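Scroll down for the structure; my scribbles are underneath it.
Position 1 is the first residue of the sequence; numbering continues from there. Please read all numbers here as calculations on a predicted model, not as lab measurements.
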Amino acid sequence: MNKTFNATLFATILAVNNISSAAAQQVPAVPSVRVASIRHSGYFSRATLPVLSKETIKLDQKQRKSISLANEWKNKSAPTCLGENGYVQFIHGASFPSVVCAPLYACDIALQAGEVIRQILLGDASRWKVSPGTSGNGDNTVAHLVVKPSDVGLSTNLVIYTDRRSYNIRLVSTKEQWMPLVSFVYPEDTQAQWDSYRAHQQPLKAQATSFAARSSDDELNFNYRIKGDSPNWKPVRVYSDSAKTYIQFPANVKNDQIPALVILDSGHQMQLVNYRMLGNRYVVDLVIDRAALIRGVGRHQERVEISREGS
């Protein structure tokens, strides 16, 4: 802007406001405020940033120790993983998660299903935009926060308060690198799943132990013959009581390796029968005379036959 244009603009302002040149000389100068020019991104073109004082405060020993602890957590490395549908997953509470965004792109941060957002706070609300959204319905409703930076080279943090927990997330922006989808893994959920699994397994183990303890009981009949192929799931023993038959598999057999069970009649025709898995045993709801365990088809089929001696 040249000097002639400045003089003309100043004279115009005085004329519009009916201010004389002499009076204008007595008007105190107004300190200038730094204004940062922001690249246009669809929702910002200019933003006024605060003028930071040059004054500094010298931290005492306790404060330096606290900052050191905070930095230790902020710089702590924790593993991330790739979840369903492309979500990059952070372990909640294990570290200070860092989400990388880019101008003209939207980063989607998804919270836990059923979680309700109470409040969000942005460290730099002038150059970052955060919009809420939801997906799903009912108890499966998922709260989302869509994050957009207005420029590259920005760094701030986002604090989220919900009805279950709080989040503190670092936000950084680059020119082209960005994370489309972000979510979290919750250690307390994993622990609850394991607790539920163990609680479900306890009665099964108790029943299995009870069967083992009865192995010397006179009521149990162990007079069963096992013949046929020798797959890794071949039963180690078969026995029955007055109402049920128990087929015990090796302890290291996986659930996806176990065979199907059918009853064989006098003509060796196969019939379906009710049975269930209990520990590493099949519990059959009748006393078996002849049966077959079958896994696979055609040339790859594995077959083991069971017969009660004396039947």
May I ask you to check whether over 12 heavy atoms, not counting those of Asn252, lie within 6.0 Å of atom CG?
yes

Applying ring pair (Phe, Tyr, Trp, His ring centres under 6.0 Å) to His92 and not counting sequence neighbours gives Tyr167, Tyr186

Joining Ile, Leu, Val, Met, Phe, Trp and Tyr whenever any side-chain heavy atoms lie under 4.5 Å apart, the cluster holding Leu59 also takes in Ile67

Atom CD of residue position Gln63 - does it have more than 12 heavy atoms of other residues, nucleotides or ligands inside 6.0 Å?
yes

CG/Asn137: more than 12 non-hydrogen atoms of other groups inside 6.0 Å
no

Check salt bridge (Lys or Arg N to Asp or Glu O under 4.0 Å) between Arg225 and all other residues, then give those that pass, not counting sequence neighbours.
Glu309

Going by the side-chain contact (heavy atoms from CB on, under 4.5 Å) test, name the single residue among Lys234, Gln301, Arg295 that passes it with Pro259.
Arg295

Does Asp285 have any salt bridge (Lys or Arg N to Asp or Glu O under 4.0 Å) partners at least two apart in sequence or in another chain, and if so, which?
Arg276

Check Asp124 with Arg127, please: is the shortest side-chain N to carboxylate O separation under 4.0 Å?
yes

Out of curiosity, Arg308 CZ to Asn221 CG, how far, rounded to the nearest 0.5 Å?
6.5 Å

With Ile57, which residues qualify under side chain to side chain contact (heavy atoms under 4.5 Å, CB included), at least two apart?
none

Could you work out, with ring pair (Phe, Tyr, Trp, His ring centres under 6.0 Å) as the rule, every residue matching Tyr282, not counting sequence neighbours?
Phe249, Tyr275

The criterion is side-chain hydrogen bond (donor to acceptor under 3.5 Å, both in side chains); which residues satisfy it with Ser135, sequence neighbours excluded?
His144

Of all residues at least two apart in sequence or in a different chain, which pass the side-chain hydrogen bond (donor to acceptor under 3.5 Å, both in side chains) check with Lys74?
Asn71

Test ring pair (Phe, Tyr, Trp, His ring centres under 6.0 Å) applied to Trp178 - qualifying residues, sequence neighbours left out
Tyr105

Inter- and intrachain pairs under salt bridge (charged side-chain N to carboxylate O under 4.0 Å, His left out), touching residues 91-119, at least two apart
Glu115-Arg165

Interatomic distance, Ile109 atom CD1 to Ile160 atom CD1 [nearest 0.5 angstrom]
5.5 Å

Ser131: partners by side chain to side chain contact (heavy atoms under 4.5 Å, CB included), with sequence neighbours left out
Lys129

Checking Asp60 side chain against Lys62 main chain: does a donor-acceptor pair fall under 3.5 Å?
yes

Can you tell me if Arg164 and Gln112 form a side-chain donor-acceptor pair at under 3.5 Å?
yes

With sequence neighbours excluded, what pairs up with Glu302 under the side-chain hydrogen bond (donor to acceptor under 3.5 Å, both in side chains) test?
Trp233

